[in-house]
Structure formats: structure tokens, C-alpha cells
Amino acid sequence: MASIRITARHTDVVLRLLLATSFSTGVGSWLVPTTQAGPIIVVHAVSGLALVVLGPLKIGGSVRTGMRRRRSSRFASTAYGVLILSGIGLGVLHATGLWAGVGYWSSLWTHLLFGFMALPITVWHIFSRPSRPSVTDLDRRALLTSVLATSAAAGLLIVQESVGRRLGLRGASRAGTGSHPVASFDPRAMPVVSWINDRAPDLDLDAWPLRVFGHDTAPSTLAEMTMPMRAVLDCTGGWYSEQDWHVVSLAAVLAAVDPHSSGDPPGAESARSVSVQSATGYSRLFPMDDLDDVYLATGYGDQSLSSGHGAPVRIVAPGRRGPWWVKWVTEVEISDRPAWAQLPLPAD
């Protein structure tokens with residue numbers, strides 16, 4: 001039995017692996033289509049709960065020893081532990097729906113904020129220690145620790161989900177992405193949020209400067225081309241809302257504004273993507289192959305878009321997360337940049 005005794009060093013190795021897994025899957029779940037996010041979210045949840053499972057071993061071992069030595073770095077280590085545990089706690093609150101947050105700062109966004117705040121301390125914590133991790137640490141003891149911790153965490157997740165369903169908690173109805181349903185088929189009640197800090201522009205809606213594939217186009221002209229389509233807006237803030245949108249695909253708009261193009265927009269010879277620009281300066285590049293699956297919307301339900309929801313024209317991109325649903329569109333143009341030549345999530 002001594003040969004498989006779990007040591008403090010092996011606990012540290014597994015904790016580092018779990019932290020890396022938890023962080024990468026949390027961010028990664030935003031970068032894949034919504035239909036593919038479910039398994040990633042499950043791995044994210046299990047890795048986070050596994051940190052809780054191993055927490056007592058860490059606290060009872062190296063943490064206690066470090067505090068007794070009264071090193072000056074103990075305050076940073078304490079703050080680090082508080083950030084990690086608070087982040088995990090907020091993740092559980094979001095998953096169960098017990099607390100949604102305050103105003104713009106949802107429980108999920110605060111969970112993410114704590115994760116990013118802990119990231120530089122994680123790097124410092126690893127490289128400030130005399131004992132650095134090595135490949136040789138990944139032995140059967142580390143494997144045993146990983147299996148025990150993740151198995152216990154998976155059990156905790158199953159219990160959490162079962163209790164949530166039995167008690168009828170809000171989290172029981174969340175989507176595979178982890179988002180909670182909000183105001184479906186009630187567009188006016190749908191949250192008004194934007195990526196980072198964009199605000200509705202102060203422009204005249206009757207003279208909206210819209211240019212589509214090289215042609216000046218009135219939003220009212222687009223409105224005459226739209227047809228109803230049901231689609232889910234899944235926000236990275238942790239909610240989703242299903243609405244009946246009034247949309248027209250980019251492919252249909254291209255055919256209408258340039259009927260002699262034979263399906264090829266101006267600049268198609270070097271086209272690698274379609275650039276969609278907002279009045280705020282926010283923009284996204286969509287692959288050329290997605291012209292049939294990305295839409296311009298001018299309304300929802302039985303009404304026109306509200307200003308906060310992107311009036312007079314916004315993008316509807318089924319299967320993509322909220323940052324792709326560009327609001328207040330002023331320009332749709334061909335670009336010679338490939339769609340991958342942009343940050344996965346905008347920085348502004």
C-alpha cells in the first residue's frame with residue numbers, strides 16, 4: 001500500500017492539471033458551436049468540483065506548512081485560495097440557479113472574472129516554488145489521485161443535478177451550454193447586453209447608414225425581404241432566449257442587391273470572409289461558406305427590433321454564441337482576410 005500512498009507533491013501535480021483543464025474548458029466552451037458545448041461544460045464542471053475534493057489534502061499539507069513558516073507570500077497564497085474557492089462556488093450557484101448575480105455582473109461573469117484574476121497568481125505560485133513540476137511526476141500515484149478526485153467530483157455533479165431537478169431549481173432547465181432560459185418568445189423582456197461595454201449608438205434610425213456588399217441599402221428595404229425564423233440567442237453571460245426573428249440570409253441579400261453577380265459579390269476573386277461592422281466599431285468576420293446560415297434581422301415576434309437589441313439591423317447567427325450576433329449593423333462587406341484571422345472573442 002505504501003507504493004501508492006498519495007503525497008503532497010502528487011496532489012499538487014493533479015491540482016495544476018485540474019486548474020488547467022478547468023480554465024481551458026471554461027473558455028473553450030464559448031468558442032465552439034452551441035451544439036458541441038455540452039461535453040466541454042461537463043468536463044469543466046467535473047474538473048472544478050475535483051479541485052474541491054482535493055482541497056482538504058492541499059490545506060492539510062503544504063498550505064498548513066507554509067502558514068507555519070510565516071512567509072511574506074502567504075498573503076498572496078491566501079488570496080489565491082479565496083479566488084479559486086469563490087470562483088468554484090459561483091460556478092455552482094450559476095449551475096443550480098440559486099443566484100443569478102447583480103445587474104450586468106451575472107454569477108457566471110463573476111465566476112469568469114475570478115478565474116482570470118487567479119491566472120497570474122497560478123503562474124507565480126508554480127514558478128516561485130523551489131520544487132518545479134516535471135514529467136516524472138505523472139506516475140501511477142498521480143493517476144490514482146486523478147481517478148479518485150474526478151470520480152468523486154463526477155458523483156458530486158450527479159447529486160447536484162439530481163437535487164436540482166427534484167427541488168425544481170432554475171438550473172435544472174439550463175441548456176447544454178450551461179445557460180438559463182430567459183424571456184423566450186417575449187422579446188421586450190429579453191436582456192439588453194452587449195459584449196464588453198458597447199452602448200446603443202445615438203444615430204437617426206430613419207437615415208441609418210447601411211452599406212451591404214457595396215450598395216447603400218435602407219433597413220426598410222431589408223425588412224420587406226425578411227421571413228420568420230426561430231433561433232436561440234445564447235449569451236456568454238449565462239442565459240439564452242428563443243425568439244421568432246424576422247430575417248434574411250446574407251446570401252439572399254447578396255442576390256437582391258447585385259442580381260447580375262451570379263452569386264459572386266464585388267471583390268469575390270479575393271474573398272475569404274464577410275466582414276460585419278457595427279456602428280460602435282465592433283466587428284466580426286464570417287466564413288464565405290456561411291452566407292446561407294448567417295442572417296440580417298430587422299425584428300422579432302410581431303415588432304421591430306428595439307434600440308437595445310440592435311435596431312434597426314442586427315446579425316442572427318444560429319449555433320453561435322452571443323458575441324457573433326452583431327448589433328447595430330452598418331456595413332456588410334467582402335474581406336480578403338480569412339475568418340480565423342481574428343481573436344476568437346473580441347477584445348473590445
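Residues satisfying the side-chain hydrogen bond (donor to acceptor under 3.5 Å, both in side chains) criterion with Arg314, sequence neighbours excluded, are absent altogether. Residues satisfying the side-chain hydrogen bond (donor to acceptor under 3.5 Å, both in side chains) criterion with Asp204, sequence neighbours excluded, are absent altogether. For Pro323, the side-chain contact (heavy atoms from CB on, under 4.5 Å) partners at least two apart in sequence or on another chain are Trp195, Thr236, Tyr282, Arg321, Leu345, Pro346. Residues passing the side-chain hydrogen bond (donor to acceptor under 3.5 Å, both in side chains) test with Gln36, sequence neighbours excluded: none. By the side-chain hydrogen bond (donor to acceptor under 3.5 Å, both in side chains) test, Thr330 pairs with no residue at all, sequence neighbours left out. Not counting sequence neighbours, the partners of Asp244 by the salt bridge (charged side-chain N to carboxylate O under 4.0 Å, His left out) test are Arg230.
For the atom pair CD of Gln342 and CZ of Arg337, the computed distance is 6.5 Å after rounding to the nearest 0.5 Å. To the nearest 0.5 angstrom, Leu143 atom CG is 9.5 Å from Leu148 atom CG.
Leu157 belongs to a hydrophobic cluster whose remaining members, ordered by chain and number, are Val42, Val46, Leu49, Val53, Val92, Leu156; membership requires side-chain heavy atoms of ILVMFWY residues under 4.5 Å apart, directly or through intermediates. Through chains of ILVMFWY side-chain contacts below 4.5 Å, Tyr240 is grouped with Val232. Taking Ile, Leu, Val, Met, Phe, Trp and Tyr as hydrophobic and joining them when side-chain heavy atoms fall under 4.5 Å apart, one finds Leu108 isolated, its cluster having no other members. Cluster partners of Ile158, using a side-chain heavy-atom cutoff of under 4.5 Å among ILVMFWY residues and allowing indirect links: none.
For residues 273-291, the set of pairs meeting the salt bridge (charged side-chain N to carboxylate O under 4.0 Å, His left out) definition, not counting sequence neighbours, comprises Asp290-Arg320. For residues 157-175, every residue pair satisfying the side-chain hydrogen bond (donor to acceptor under 3.5 Å, both in side chains) rule, not counting sequence neighbours, is listed here: Glu161-Arg174.
Residues Val82 and Leu19 do not share a hydrophobic cluster, clusters being chains of Ile/Leu/Val/Met/Phe/Trp/Tyr side chains in contact below 4.5 Å.
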